[in-house]
Structures are given as structure tokens and as C-alpha cells.
Amino acid sequence: QNQSQSSCKLLLSRSRKSNHTCKQTTLVLALPASPSPPSHLHTHNTMSTKTVIEPPSYHNKATKRRMEEIIKEVQADNLGSNWEYTGDDAALLTKKISDEVKGRLRDLGLPRYKYMVQVVLGQKVGEGMQMGCRCLWDTNTDAYATVVHGNDSYFCSVTAFGVYQY
Amino acid sequence: MDELQTSDDLILDPQQHIEPILERVVDEVLKPESYDETLVAQWVDKICDRCMKDLAQLKKPYKYIVTCQIMQKTGASLHTGMSAFWNEEEDSVQQYVWPNEKKRDTNNSRMQCVLTAVGMAI
């Protein structure tokens, strides 16, 4: 309920003109309590939010060095330098190594990163082999690491790729 | 955004899109050749570069990784394994081994090639 007019009362009290030197004038202004601001003035912003994904900070990046360390440790744990190549073992170990490396990369806890690990375990019989890879990605955020390990009977190449999702 | 993701233009289907590219590139580069130690590095580079070029031309919102292995056929065994931590619905991998057993017309060039292409959605 809006009161369009505010009423004010003026009270003037004047002392009689007398020989008293003081003149008192008191002015009393009484205003009713002002109403609350009208509700139609509140605005609702229904603009849709736009999420901007920021690139990872330095300590949250999947760097080559970090991935290399993990690969070396896993290879050393599973193979070592005395391991002899046998077909059955090789089949199991390839899976085991790739799962372990992937698990440890995931446990690094770097946000928004996807990983891919490729393991190649072969027997050395004097054959020639060449491996290469190409990646189409953002070099600021993505990286790969590869370690080749072996002895006279086998070779093991592990490559890990870390890709950031925007 | 959801409409864009489900349109056919922006989905990468490994069978339909990636496999023919891999097949074609390896056939072009390796079919006429026999294993040559001095040239293998060049072949790997050629295969990877051409694959990547063709994949990029698909113009899909994906990041790609292409791995190529060329090995001399000596009867030695080889095991490859792959593990991935990704979004199963969007990301995929396609592997192609050359020479393909089903296509017996390829010559016995004394070498084998394993091509792996991974697509990760942006």
C-alpha cells in the first residue's frame, strides 16, 4: 500500500514574546515509514552461462618426463633385464604392462586428461623393425613418451600418449 | 551443442572412416617394395604423414594419433597391447595389419606393417 503523500506535521512552539531572551523554536517533522521499493525493479538475468575450458596449469600437465618415469618403473617391475622371451608369458605381460601404465597415469590425477598406452613386446631373432608415430593435437597441452627396453632375447617398447580434452 | 554432436558429419566411425584410409595408404607405400633396411624409416614417415593428412581432411572435431610399425618377416613372434583411459562413447581406435590375410593378391614382400589410428574427441 503506497501512500502517495507523506504527511508531515509541523509543530511550532513559540514562546511568548516576553522579556525572556531565549526564543525557542522547535520544529518537529514526522514522516511515516517509507514503503519498500517496488518489486518490479528486480531484474532476472537469464543469460546462458558460457563455460571456457582453460588449458592446464604447469603442475597439471601430462609431461613427457612424468610419463617416462612411470613407464620405466613399470617395465623394470615386470621385465627386468634377465627375462627370457616365451610366447605365453609375452601375451600376458603385454596386457599387464599396458594396464599398469594406464592405471598409474590415471592415478596421477591430472584433470581432463585422456591416456593411451601402446606396448609392443617382441622376440629378437635378428629381424629389422621400425616404429613411428604421428600426432595431430595441441602441443601446448598434449604429450607422449616412449621407452624401449630389452636384452638379447626380447625387446619391449612402451609408448604413452596424454591428450587434454577441452 | 547436443545437436551438433550427433550429426553424421561430426562423428568418427572407425570402420567407415578410418579403415579405408589406413588400407589405401599402406598399399600405396608398401605394395611395390621389399624390406630394405635403409628405406624403412622413410616408409614409416611416409605412411604416417599420408595417414595424418587424410585423417585431417575428414574435418571432424577429433585429435588423432597414428602409430606405424614395419617389421621384417622372419618367423619371430610379436605381441602388441593397448590400454586407454578415455570416453568410450566418443573415442575409438582402429588397427590395420598389412598384408591382410583375406586379400591374398598382395605380394609376399617379406615384411609386415601394423598401423594403429586413435581418434580422441575434442
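So you know, we letter chains A, B, ... as the sequences are listed, proteins then strands, and number each from 1.
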Legend entry - Neighbour count above 12 (heavy atom, 6.0 Å) for A/Tyr113 OH: yes
Inset, instruction - Can you tell which part of A/Gln118 gets under 4.5 Å to a heavy atom of chain B, answering side chain, backbone, both or neither? - result: both
Legend entry - Sub-4.5 Å side-chain heavy-atom contact between A/Glu127 and B/Met71: yes
Legend entry - Contacting region of A/Phe155 [heavy-atom separation from chain B under 4.5 Å]: side chain
Legend entry - A/Phe161 vs B/Thr67 side-chain heavy atoms within contact, under 4.5 Å: yes
Legend entry - A/Lys124 atom NZ, over 12 foreign heavy atoms within 6.0 Å: yes
Legend entry - Min side-chain heavy-atom separation B/Trp86-A/Val163 under 4.5 Å: no
Inset, instruction - Could you check which of B/Ile70, B/Val44, B/Thr116 has the highest count of heavy-atom pairs closer than 4.5 Å to chain A? - result: B/Ile70
Inset, instruction - Please indicate whether A/Glu54 has more than 12 foreign heavy atoms, meaning atoms of other residues, nucleotides or ligands, lying under 6.0 Å from its CD. - result: no
Legend entry - Close side-chain approach of B/Lys63 to A/Thr141, heavy-atom, < 4.5 Å: yes
Inset, instruction - Assign the ring pair A/Tyr85 / B/His79 to parallel, tilted or perpendicular, where the plane angle (0 to 90°) is split at 30° and 60°. - result: tilted
Legend entry - Options B/Ala117, B/Cys51, B/Gly81, ranked by heavy-atom pairs under 4.5 Å with chain A, top entry: B/Gly81
Inset, instruction - Examine whether an atom of B/Asp45 lies under 4.5 Å from a heavy atom of chain A, and if so say whether it belongs to the side chain, the backbone or both; otherwise answer neither. - result: both
